[in-house]
Amino acid sequence: MSQRSDTDLPLLEARGICKHFSGVAALQQVNLELQRGEVLAVVGENGAGKSTLMKILAGVLRADSGEVLIDGKRVRIHSPRDAQVHGIALIHQELNLCDNLDVTANIMLGREPARWGLINKRSAREPVDRLLRRVGLSVSPNTIVSRLPIGQQQLVEIAKALSIDARILIMDEPTSSLTGTESEKLFQVISELRQRGVSIIYISHRLSEIESIADRVVVLRDGCNAGELEKSEISHDRIVPLMVGRDVSRLYSRTPHAVGEPVLDVSGLTTRRWPGEKNSFVIRAGEITGISGLVGSGRTELLNALFGIELGLSGTISVCGVEIAIRSPRDAIAAGLALVPEDRKQHGLLLPWNLARNISLPQMRERCSSRGFIRRNVELDQANWEIDRLAIRATGSGQVAARLSGGNQQKVVIGKWLATGPKVLLLDEPTRGIDVGAKQEIYKLMEKLAREGMAILFVSSELEEILGMSDRVLVMHDGLITGELGRHELNEEAIMRLATRHELV
């Protein structure tokens with residue numbers, strides 16, 4: 001039998017990779033192959049082992065057992081430096097750039113050309129210019145990175161990876177903070193890199209992206225290989241069952257129920273960013289109202305004004321028929337409003353704190369005795385109640401929030417605010433960055449809360465989510481609600497016409 005030529009061999013192969021943390025298996029005999037010039041999507045729920053596997057390939061973690069082969073030869077990858085030597089670069093979801101330095105300094109960091117002990121920026125200029133052209137980025141190499149939009153910073157990160165002659169790029173949720181236009185630009189760059197023989201491992205919870213750009217999909221579940229799909233087989237309906245191991249055909253679980261009286265009545269509300277745009281609307285008990293619109297349309301600003309994070313310039317806010325002056329989040333909480341923010345790690349959680357402390361945070365004063373000490377029994381009782389109620393997968397209320405998966409972290413944020421007993425729940429991108437199974441659980445929770453009479457107002461950039469979960473949709477453009485659509489009127493075209501300020505026909 002003839003031997004396979006080098007071109008027939010996978011560029012990268014991982015065999016039987018195992019990894020344990022504190023006795024718990026994160027990866028169990030995982031296998032993966034990556035071909036030359038291939039975009040390989042690796043998908044799975046949070047906690048499936050994707051990040052652990054990628055960190056092993058990038059030298060951030062060491063496997064307990066198994067082997068990695070490059071060009072058919074076994075290699076040792078025990079550090080990021082080892083990975084670089086073999087042409088592997090990991091682009092993290094949170095970009096690893098020094099935003100106070102310019103583009104050149106970031107791309108050449110640690111490898112700056114020097115003469116007589118001084119960095120020679122002129123010598124660095126030519127290779128940096130070449131790399132920027134390669135990723136299609138038209139900016140000066142002298143531009144300070146903090147002045148670039150996030151989409152261009154992402155391209156700087158890719159150029160930095162290519163500067164080490166990376167043959168394998170690992171991209172972890174690269175579009176999570178990008179606009180639609182920036183994402184399209186990134187996909188063009190990925191296509192060009194693939195044509196030049198660069199191989200890409202692509203991780204994303206956005207299955208529509210996977211369908212669009214992936215040549216092949218590897219699915220992980222509970223630290224094991226769950227399946228693999230070729231290009232012709234890739235579809236949402238094929239990927240999801242492999243990811244979750246259960247039927248999610250009814251992802252958006254809605255059952256008809258009566259809508260109650262108005263709970264939140266907003267009249268003539270203006271925000272500082274759009275002082276000339278007045279917004280008025282009513283949210284009723286038991287109703288799930290979506291807010292849709294393009295990025296930058298003012299959705300988050302509207303929620304922040306309702307919650308007192310940003311002071312409205314004019315207008316009135318009434319809760320259950322009583323006009324409320326909301327000058328701070330404390331005023332909003334006292335009035336019965338709660339806001340689950342868009343960025344759970346930055347604004348929703350104190351990651352080093354345990355679940356009990358996080359859940360009790362908005363009611364810290366109420367949890368204190370007359371002498372100012374926190375009543376631990378009350379704090380623990382409330383935390384345990386929310387953990388059970390929301391089926392948060394944790395070792396207990398003493399577990400540190402940073403050690404939870406994204407979906408469970410999001411449940412903790414929601415539980416924190418539900419513990420305040422709100423009349424109106426404001427949700428800003430409630431399922432961003434979490435897997436399909438966790439999304440389904442949050443949708444079921446929203447439905448349950450609405451049936452119990454809570455008024456829910458939520459922002460989402462996913463039209464499918466807006467269409468699936470909303471009883472009614474408010475559409476925004478440049479700080480103004482341009483229209484309202486009832487459930488029987490909802491479709492993508494109607495929403496986009498209002499989002500781009502075209503009149504509905």
Side-chain angles (χ1 to χ4, degrees), residues 258-294 296-342 417 420-430 446 449-450 453-460 466 469-490 494-495 497-504:
V259 174
E261 296 297 316
V263 176
L264 178 67
D265 191 337
V266 178
S267 179
L269 182 64
T270 60
T271 61
R272 293 185 181 277
R273 185 172 177 185
W274 287 281
E277 305 293 4
K278 296 184 178 182
N279 289 300
S280 301
F281 56 91
V282 173
I283 308 297
R284 295 173 174 82
E287 182 179 42
I288 299 178
T289 303
I291 303 181
S292 189
L294 302 177
S297 60
R299 301 166 301 171
T300 293
E301 288 82 358
L302 180 62
L303 292 192
N304 286 346
L306 292 173
F307 198 62
I309 296 173
E310 299 176 11
L311 296 183
L313 296 181
S314 64
T316 62
I317 300 173
S318 298
V319 178
C320 295
V322 179
E323 186 174 325
I324 306 295
I326 297 180
R327 302 184 183 88
S328 70
R330 185 166 293 279
D331 292 335
I333 294 169
L337 275 66
L339 170 63
V340 174
E342 178 180 11
W417 290 111
T420 66
K423 300 180 181 71
V424 182
L425 183 61
L426 309 174
L427 301 169
D428 195 353
E429 301 285 1
M446 291 170 65
L449 293 171
M454 187 174 293
I456 297 176
L457 180 63
F458 82 104
V459 165
S460 177
I466 288 285
M469 289 303 299
S470 302
D471 296 311
R472 187 163 50 96
V473 173
L474 307 176
V475 186
M476 297 191 71
H477 174 87
D478 285 350
L480 179 68
I481 295 174
T482 53
E484 176 182 317
L485 299 168
R487 190 161 182 83
H488 65 285
E489 303 171 290
L490 284 180
I495 290 174
R497 282 180 176 273
L498 292 170
T500 54
R501 216 161 187 172
H502 286 281
E503 289 190 5
L504 195 63

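By the 4.5 Å heavy-atom criterion applied to side chains, Met446 and Leu427 are counted as neighbours. Inter-residue side-chain proximity for Glu310 and Arg272 is flagged as unmet; no heavy-atom pair is nearer than 4.5 Å. In this structure, the side chains of Leu269 and Phe281 stay at 4.5 Å or more apart for every pair of heavy atoms. At a threshold of 4.5 Å between non-hydrogen side-chain atoms, the residues Asn279 and Met476 count as touching. Side-chain contact between Ile466 and Ser460: present, with at least one pair of heavy atoms (C-beta onward) separated by less than 4.5 Å. Using a 4.5 Å cut-off on side-chain heavy atoms (C-beta onward), Trp417 and Leu339 make no contact. You'll find the side chain of Val473 stays beyond 4.5 Å of the side chain of Leu498, heavy atoms only. With contacts defined as side-chain heavy-atom distances shorter than 4.5 Å, the pair Ser280/Val266 does not qualify.
Of all heavy-atom pairs between Ala305 and Thr271, the closest is CB-CG2, 4.0 Å. Ile495 approaches Ser292 most closely through the heavy-atom pair CG2-OG, 3.4 Å. Here the shortest heavy-atom pairing between Ser318 and Gly321 reads CB-C, 4.5 Å. Taking all atoms of both residues into account, the shortest heavy-atom contact from Pro422 to Ala338 is CB-CB, 3.8 Å. In plain terms, the two heavy atoms of Ile309 and Pro329 that are nearest each other are CG1-CG, 4.2 Å. The heavy-atom pair separating Ile291 from Arg299 by the smallest distance is CG2-CG, 3.7 Å.
In this structure, the separation between NE2 on His477 and CD on Glu277 is 9.0 Å, given to the nearest 0.5 Å. Taken to the nearest 0.5 Å, the CE atom of Met469 stands 12.5 Å off from the CG atom of Leu490. Between Leu302 atom CG and Leu426 atom CG the span is 9.0 Å, to the nearest 0.5 Å. Taking CD1 of Ile333 as the start and OG1 of Thr420 as the end, the distance is 6.5 Å to the nearest 0.5 Å. One finds the CZ atom of Arg273 at 8.0 Å from the CG atom of Asp478 (value rounded to the nearest 0.5 Å). To the nearest 0.5 angstrom, Thr270 atom OG1 is 11.5 Å from Leu480 atom CG.
When Leu264, Thr316, Val319, Leu337 are each tested for a side chain to side chain contact (heavy atoms under 4.5 Å, CB included) with Ile324, only one passes: Val319.
At a threshold of 4.0 Å, the pair Arg472-Glu287 counts as salt-bridged, since one of the basic side-chain nitrogens sits closer than that to a carboxylate oxygen.
In Arg487, the CZ atom is crowded: over 12 heavy atoms of neighbouring residues, nucleotides or ligands sit closer than 6.0 Å. The local environment of CD in Glu261 is sparse, with at most 12 non-hydrogen atoms from other residues, nucleotides or ligands closer than 6.0 Å.
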Q: Before giving the answer on side chain to side chain contact (heavy atoms under 4.5 Å, CB included), spell out for Thr289 and Leu457 the whole-Å C-alpha distance, their side-chain angles and the decisive distance to 0.1 Å.
A: CA-CA 5 Å; Thr289 303; Leu457 180 63; 3.8 Å; yes
